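Just so it is clear, the structure is predicted and the values come from calculations on it, not from any experiment.
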Amino acid sequence: MEVIQLAISDAAYAAALRQRLERSGNWEVRCVDTPNWEAAGVVVVDAGAFERLPRPLPHPERVVLVATNEPDQLSRAWEAGIASLVYQNDPLDTALLAIMAARLRAARDLRRVPNRGSGAAQDPQQEASNGAPGRQSGPERRRMR
């Protein structure tokens, strides 16, 4: 079962979001003080928890920020690579949509990363930057001439 971690200090908001998530999906919702990055799934944080997250973020595609409308906070979220953001006063349905978007983005990114030792293909852009089949460099390139 997929895990959604809520690191939200507003107990009423966290409880309402947790209840809505548990009713609408097949996932385990955990209220946490500090997200566990080893656990797969989405991490929902408020402004306070966001400031305590490690930089650079291990998986910004998995984070949903429940933000205030402060320009500095929005700028830090952008710089951290967070793509899913809702405001504190947005309806819970908006937060649910942001969480679902983060789930889809995280699942897509997992499909791009090859399993070590398997023949799974990488993302073509990543292959090119790694010197993989799309781009030949060094001795392989010289032999091709």
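- Between the CG atom of Asn89 and the OG1 atom of Thr68 there is a distance of 10.5 Å, given to the nearest 0.5 Å.
- We find the CG-CD1 distance between Leu6 and Ile99 to be 6.5 Å, quoted to the nearest 0.5 Å.
- No continuous path of hydrophobic side-chain contacts links Val63 to Met100 [ILVMFWY only; heavy atoms under 4.5 Å].
- Under the 3.5 Å distance criterion, the side-chain polar atoms of Ser75 are left unmatched by any main-chain donor or acceptor of Pro71.
- Residue Val86 is grouped with residue Leu17 when hydrophobic side chains (ILVMFWY) are merged at heavy-atom distances under 4.5 angstrom, including chains of intermediate members.
- Closest heavy-atom contact between Val64 and Ala98: CG2-O, 3.7 Å.
- A donor-acceptor pair under 3.5 Å links the side-chain atoms of Gln5 to the main chain of Asn36, judged by distance alone.
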- Check the pair Asp10 / Asp46 against side chain to side chain contact (heavy atoms under 4.5 Å, CB included), numbers first and verdict last. CA-CA 8 Å; Asp10 181 342; Asp46 63 7; 5.5 Å; no

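- By the rule that hydrophobic residues join a cluster once side-chain heavy atoms approach within less than 4.5 Å of another member, Val44 and Leu96 end up as members of one cluster.
- Put simply, Val45 and Tyr13 are part of two different groups of oily side chains (I, L, V, M, F, W, Y) that touch within less than 4.5 Å, one to the next.
- For the pair Gln73 and Ala47, the tightest heavy-atom approach, listed with the atom from each and the gap, is NE2-CB, 2.6 Å.
- Going from atom CZ of Arg18 over to atom CZ of Arg30 covers 10.0 Å, rounded to the nearest 0.5 Å.
- Put simply, the residue from Val3, Leu21, Ile4 that forms a side chain to side chain contact (heavy atoms under 4.5 Å, CB included) with Glu28 is Val3.
- A 6.0 Å sphere centred on CH2 of Trp37 holds more than 12 heavy atoms belonging to other residues, nucleotides or ligands.
- Note on Arg76 versus Glu51: salt bridge recorded, some NZ/NE/NH1/NH2 to OD/OE distance being below 4.0 Å.
- Note that OG of Ser84 and CZ of Arg62 are 12.5 Å apart. Values are rounded to the nearest 0.5 Å.
- Atoms CG and CG, on Leu85 and Leu65 in that order, are 4.5 Å from each other to the nearest 0.5 Å.
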- Under the side chain to side chain contact (heavy atoms under 4.5 Å, CB included) rule, what do Arg20 and Asp93 come out as? Steps first, then yes or no, please. CA-CA 9 Å; Arg20 183 72 63 94; Asp93 287 340; 2.4 Å; yes

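- Closest approach of Glu2 and Gly41 over heavy atoms only: OE2-CA, 4.1 Å.
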- Task: Using the side chain to side chain contact (heavy atoms under 4.5 Å, CB included) rule, take Phe50 and Ile82 through it: C-alpha gap first, then chi angles, then the decisive distance, then the call.
- Result: CA-CA 10 Å; Phe50 173 62; Ile82 294 177; 3.3 Å; yes

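- Counting all heavy atoms, side chain and backbone alike, Pro60 lies closest to Pro58 at CD-C, 3.8 Å.
- The same ILVMFWY cluster, assembled from side-chain heavy atoms under 4.5 Å apart, contains both Trp27 and Val42.
- Between the OG1 atom in Thr34 and the CG atom in Leu53 there is a gap of 8.5 Å [rounded to 0.5 Å].
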